[in-house]
Amino acid sequence: MKKIFAGILVLLCIISFIGCSTPVSGTVSQEEYEQVVSERDALKKQLEELQKNGEVSTDAIADDQTIADDETQFAGKFDEEIVLSQLKVTEHKFFGKYSTAYFMAVDNNSEFNLEISVSAKFYNAANELIGAKDMSEYAFEKGTSTLISFYLDEEYSYVEYEISVAEEDYYKCVVSDLSYESVAAKDKEILSVTNNGEYAAEFVEVYALFFMGDNVVGCTSNYFTDDDSEIKPGKTITKEMDCYEEYDSVQFFFTGRR
């Protein structure tokens, strides 16, 4: 109903502009002039009926316009707090024979390509601080996932972390241009990564987390690049991703830029 009211106001403005002038020969005929005046009077009557019945008010229309103006002003505007609320974080602990690690799988569900930084503090069971690490990733493309990895010298009990993000304004994102195929083999996955984009993808690195059930049993990473540190458009690079523990699933995370 408010939209109808707003429409009526607009029509009234247009019609009044036309109807307030005496018809001029060669522009508006007497018949057209009378029709416009008639339509104006009919719309005025309809407007008066709506206001009389309390169905709409000029205040309501003003509120609607304010909301519309706010939506236009803030649509697409980067807000760190809002973007942070749109990230999904999945934490994984890893206590291996030869290494200890903490992984954060982060899904970028925002509408922005990001730079992401994580600061983490690690504590033992006695609440003693035993480690402090920082890591950043660039060209974190919207609609993709990335892996934040921290390796430590000793086992930890819990982690406190802070995430900060900024809109990526330097690097171009390439992850959505990449596709992959993986073949399981003895103690490894044989991974083939293809660049389906129009431009070379630079510094493409793949992280792999190997799982037995819900537990991480192995982790590795590898660069999928040629001698120019790129995957050229239409090219495929194949490498091995090793895991010497028994696993039943694997997750891959990609980084890269141009």
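What you see is a predicted model, and the numbers here were worked out from it, not measured in a lab.
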Query raised in the report: Which of these passes side chain to side chain donor-acceptor pair (under 3.5 Å) with Ser145: Thr90, Asn109, Asp107?
Result: Asp107
Query raised in the report: Roughly how far, to the nearest 0.5 Å, is the OG1 atom of Thr194 from the CG atom of Asp177?
Result: 12.0 Å
Requested in this report: In sequence, state the C-alpha distance, the side-chain angles, and the governing distance for Arg257 and Glu202, and then conclude on salt bridge (Lys or Arg N to Asp or Glu O under 4.0 Å).
Outcome: CA-CA 5 Å; Arg257 60 181 186 261; Glu202 300 176 351; 5.1 Å; no
Report summary line: Looking only at heavy atoms, the pair that brings Ile148 and Glu137 closest together is CD1-CG, 3.9 Å
Query raised in the report: Below 4.5 Å, heavy atoms only, C-beta onward: do Phe210 and Asp248 meet side chain to side chain?
Result: no
Query raised in the report: What about Phe252 and Val217, same hydrophobic cluster or not, with Ile/Leu/Val/Met/Phe/Trp/Tyr joined at side-chain heavy-atom distances under 4.5 Å?
Result: yes
Report task. Answer yes or no: does atom CD of Glu162 have more than 12 heavy-atom neighbours from other residues, nucleotides or ligands under 6.0 Å? Result -> no
Requested in this report: Go through Val193 and Thr236 one step at a time and tell me if the side chain to side chain contact (heavy atoms under 4.5 Å, CB included) criterion holds.
Outcome: CA-CA 5 Å; Val193 180; Thr236 299; 6.0 Å; no
**Report entry** Residues Lys142, Glu111: salt bridge by 4.0 Å N-O rule
**Finding:** no
Report summary line: Smallest heavy-atom separation, Phe254 atom then Val175 atom, equals O-CG2, 3.7 Å
Report task. Answer yes if the side chains of Thr220 and Asp242 hold a donor-acceptor pair under 3.5 Å, and no otherwise. Result -> no
Query raised in the report: So Tyr156 and Phe95, would you call those rings parallel, tilted or perpendicular, with 30° and 60° as cut-offs?
Result: tilted
**Report entry** Pairwise side-chain contact, Tyr123 with Tyr158, heavy-atom cut-off 4.5 Å (strictly under)
**Finding:** yes
Query - side chain to side chain contact (heavy atoms under 4.5 Å, CB included) between Met241 and Asn222, intermediate numbers included - result: CA-CA 7 Å; Met241 308 292 282; Asn222 212 337; 3.7 Å; yes
Query raised in the report: Just how far is it from atom OG of Ser249 to atom CZ of Phe211, taken to the nearest 0.5 Å?
Result: 6.0 Å
Query - Test item: Leu84 and Ile82 side chains (from C-beta on) under 4.5 Å apart, heavy atoms - result: no
Query - Pair Asp134-Ser119, side-chain donor/acceptor within less than 3.5 Å - result: yes
Query - Min side-chain heavy-atom separation Glu240-Lys188 under 4.5 Å - result: yes
Query raised in the report: Is there side-chain contact between Val89 and Tyr161, with at least one heavy-atom pair below 4.5 Å?
Result: yes
Query raised in the report: With no hydrogens and no angle check, is any side-chain donor or acceptor of Lys93 less than 3.5 Å from a backbone partner on Ser157?
Result: yes
Query raised in the report: Is the shortest heavy-atom distance from the side chain of His92 to the side chain of Leu209 under 4.5 Å?
Result: yes
Query raised in the report: Where do Asn108 and Phe140 come nearest, in terms of heavy atoms and distance?
Result: ND2-O, 3.2 Å
Query raised in the report: Taking atom types as modelled, is there a side-chain donor on Tyr138 or Glu168 under 3.5 Å from an acceptor on the other?
Result: no
Query raised in the report: Does some side-chain heavy atom of Glu154 sit less than 4.5 Å from a side-chain heavy atom of Ile130?
Result: yes
Report task. Decide whether Val174 and Tyr199 are clustered together by the hydrophobic rule: side chain heavy atoms of Ile, Leu, Val, Met, Phe, Trp, Tyr closer than 4.5 Å, transitively. Result -> no
Query raised in the report: Can you list the steps and then say if Phe103 with Phe94 is a side chain to side chain contact (heavy atoms under 4.5 Å, CB included)?
Result: CA-CA 8 Å; Phe103 302 105; Phe94 174 67; 3.7 Å; yes
Report summary line: What one should report as the nearest heavy-atom pair of Ala184 and Glu189 is CB-OE2, 3.5 Å
Query raised in the report: Any side-chain heavy atom of Leu129 within less than 4.5 Å of one from Lys121?
Result: yes
Requested in this report: Examine the side chains of Tyr223 and Glu205 and answer whether a donor and an acceptor come within less than 3.5 Å of each other.
Outcome: yes
Report summary line: So CD1 of Ile116 and OG of Ser136: to nearest 0.5 Å the spacing works out to 8.5 Å
**Report entry** Same apolar cluster (I L V M F W Y, side chains within < 4.5 Å links), Val204/Ile190
**Finding:** no
Report task. Output the distance between atom NZ (Lys239) and atom OG (Ser192), rounded to the nearest 0.5 Å. Result -> 12.0 Å
Query raised in the report: Should Val216 and Phe150 be counted in the same cluster of Ile, Leu, Val, Met, Phe, Trp and Tyr side chains packed under 4.5 Å apart?
Result: yes
Report task. Could you tell me whether Asp228 atom CG has more than 12 heavy atoms of other residues or ligands within 6.0 Å of it? Result -> yes
Report summary line: When every non-hydrogen atom of Asp226 is compared with those of Lys232, the smallest separation belongs to OD2-NZ, 2.7 Å
Report task. Rounded to the nearest 0.5 Å, what's the gap from OH on Tyr171 to CD on Glu115? Could you check? Result -> 8.5 Å
Query raised in the report: So does Glu160 have more than 12 non-hydrogen atoms from other groups sitting under 6.0 Å from CD?
Result: yes
Report task. Quick one: pull up CZ in Phe112 and CG in Asp79 and give me the separation to the nearest 0.5 Å. Result -> 8.5 Å
Query raised in the report: Going hydrophobic residue to hydrophobic residue with side-chain gaps under 4.5 angstrom, can you get from Phe203 over to Ile237?
Result: no
Query - is_close_aromatic(Tyr207, Phe253), centroid dist under 6.0 Å - result: no
Report task. Work out which heavy atom in Leu178 is nearest to a heavy atom in Asn196; give both atom names and the distance. Result -> C-ND2, 4.0 Å
Query - Test side chain to side chain contact (heavy atoms under 4.5 Å, CB included) applied to Leu87 and Leu114, step by step - result: CA-CA 11 Å; Leu87 302 181; Leu114 304 173; 4.0 Å; yes
**Report entry** Modelled atom types, side-chain donor and acceptor of Glu141 and Ser176, under 3.5 Å
**Finding:** yes
